[in-house]
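Note that this is a predicted model, so its numbers are computed, not measured. Values reported hereafter were calculated over all heavy atoms of this structure, with side chains retained and with hydrogens, waters and symmetry mates removed.
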Amino acid sequence: MPIFGQVVVGPPGAGKSTYCLGMHMFCQEIGRRAAIINLDFANDTLPYTATIDVRNFLTLQDVMEKHELGPNGGLVFCMEMLRENLQWLVDEIDRICYAAAEADAFTYVIIDCPGQVELFSHQSVVQEILQALQKELDLRLCSVHLIDSFYCSQPATFISATLLVTATMLRLELPHVNVLSKIDLLKQYGDLPFELNFFTDMLNLSPLLRYLDGRIAPTEELEQRERRRYERGDGPAATGTLSGRSLLQEKYKALTAAFCEMVDDYALVSFLPLNIEDAETVGRVLAATDRANGYSYVHALTVGNSSTSSGATATAQQQQQQAQQAQHQKKSELRDYYYQFASDQLESSVMMALEIQEKYGAS
């Protein structure tokens, strides 16, 4: 039986560790035995208890002191050492997933990765580690890339984050689910230039180009600002010439426009909104990851096989199942909700965007 899981990546502050904790709690509530594997050598304040922790293998502090490296170089060195000694990690995962008794074995893993984006966008060490794990242990993984929803309030930064997501997707070569985290904080960031579904659907990034000069402003305010510049005679349209700063801005806009066109042409990037304290949004992300890594399809076959063999179970086993069902009624209700949502999600994508916008969208 293969082991399924998520590889959680993203820049620092995106909420990766909090996501791992919340997703682990959600999996427990729906009756899925999930293990958290910490691959971040630098995180000293984990909010969860890791089933496997690479800091038991090597610590960043020891590497920095021994080899006189900084935090970034030390973390790269740690990942390279893990790649060279990958058998340690293979044995640890095998111990909790395959060698353990059936009642204690984990069937799902959540891998918490470092926030150093160079490991995913420029270097291949993480990619090689994940590929080796998939080959050695028959892991079925997908990447979950978290981006702070705060970037929606800063169009230039959001475009940069989109490029980072694209580069990471291509580097890891895994099925991917991209997530806008902390959407419950969106209203604190002020007005957004567009509705939230503009940033989640990612159908066309070019409208963001008009906001690259400064803070976000409504279209009417932008038009008034341009009109005042024209009346004062200090704009390119009025003078017919470009100052050094204006010329640099024009080149910057042209480069950014080319990036936006590239992302739009390939249509590889879209986002799911997430409030880790909202079980509904967590369930939507889990449903997407289950389709990406194949868990939902294998689970459907398992349920069908167990239903076929249930007629031959003994009376004592039936009584035990009834007792367990009564004891875990809350978990069963949440599990039923999750699977119902997972089956209906494709038909309700529009309603999902409207519900999230109404609940979390900026007023």
Distance from I129 atom CD1 to L82 atom CG, nearest 0.5 Å?
4.0 Å

Going through the distances and angles, do T157 and I159 end up as a side-chain contact (heavy atoms from CB on, under 4.5 Å)?
CA-CA 5 Å; T157 310; I159 294 173; over 6 Å; no

Main-chain N/O of R55 paired with T59 side-chain donor or acceptor, under 3.5 Å:
no

What residues, two or more places apart in sequence or in another chain, satisfy ring pair (Phe, Tyr, Trp, His ring centres under 6.0 Å) together with F259?
none

A quick test of your reading: do over 12 heavy atoms of other residues, nucleotides or ligands sit less than 6.0 Å from CE of M25?
no

Verify, without hydrogens or angle tests, whether S149 (side chain) and S181 (backbone) share a donor-acceptor contact under 3.5 angstrom.
yes

Would you check if the distance from the ring center of H24 to the ring center of Y48 is below 6.0 Å?
no

Assess the residue pair V109 and L141 against the criterion (side-chain contact (heavy atoms from CB on, under 4.5 Å)); give the C-alpha distance rounded to whole Å, side-chain angles, the decisive distance to 0.1 Å, and a yes or no.
CA-CA 9 Å; V109 293; L141 300 174; 4.3 Å; yes

Could you list the residues that satisfy ring pair (Phe, Tyr, Trp, His ring centres under 6.0 Å) with Y98, not counting sequence neighbours?
none

Do the side chain of N293 and the main chain of G5 share a donor and acceptor less than 3.5 angstrom apart?
yes

Partner set under ring pair (Phe, Tyr, Trp, His ring centres under 6.0 Å) for F199, not counting sequence neighbours:
F158

So the side chain to side chain donor-acceptor pair (under 3.5 Å) pairs with at least one residue in residues 77-88 (sequence neighbours excluded) are R83-E128, Q87-D91

More than 12 heavy atoms of other residues, nucleotides or ligands under 6.0 Å from NE2 of H67: yes or no?
yes

May I ask you to test the L133-L89 pair for a side-chain heavy-atom distance under 4.5 Å?
yes

Rounded to the nearest 0.5 Å, how far apart are CG of L86 and CD of E136?
7.5 Å

Without swapping roles, check the side chain of D148 against the backbone of F150 for a donor-acceptor pair under 3.5 Å.
yes

CA sep, side-chain torsions, deciding dist, call: V165, F271, side-chain contact (heavy atoms from CB on, under 4.5 Å):
CA-CA 10 Å; V165 168; F271 292 93; 4.2 Å; yes

Tell me, do L46 and N38 make a side-chain contact under 4.5 Å, heavy atoms counted?
yes

Only one of V8, V7, T289, I37 passes side-chain contact (heavy atoms from CB on, under 4.5 Å) with I110, and that residue is V8

With the side chain counted from C-beta on, respond yes when M23 and L286 share a heavy-atom pair under 4.5 Å apart, and no when they do not.
yes

Do I147 and V179 have side chains that approach each other closer than 4.5 Å (heavy atoms only, starting at C-beta)?
no

Quick one: ring pair (Phe, Tyr, Trp, His ring centres under 6.0 Å) partners of F106, sequence neighbours excluded?
none

Heavy-atom check, side chain of E173 versus side chain of Q131, under 4.5 Å:
yes

Roughly how far apart are M202 CE and C260 SG, rounded to 0.5 Å?
8.0 Å

Student check: side-chain heavy atoms of R171 and S124 closer than 4.5 Å:
yes

For a quick test of your reading: what N or O donor-acceptor pairs under 3.5 Å do the side chains of residues 11-21 make, sequence neighbours left out?
residue, atom, partner, partner atom, Å
K16, NZ, G10, O, 3.1
K16, NZ, P11, O, 3.1
S17, OG, N43, ND2, 3.1
S17, OG, D112, OD2, 3.0
Y19, OH, Q6, OE1, 2.5

Charged N-O contact under 4.0 Å between D184 and K182
no

Between F4 and Y108, does the ring centroid distance fall short of 6.0 Å?
no

Ion pair check, R32 and D290, cut-off under 4.0 Å:
yes

Can you find a pair of side-chain heavy atoms, one from M79 and one from V76, that are under 4.5 Å apart?
no

Can you tell me how far the NE2 atom of H176 sits from the CG atom of L268, to the nearest 0.5 Å?
6.0 Å

Would a 4.5 Å heavy-atom cut-off, applied to side chains only, mark T281 and P273 as touching?
no

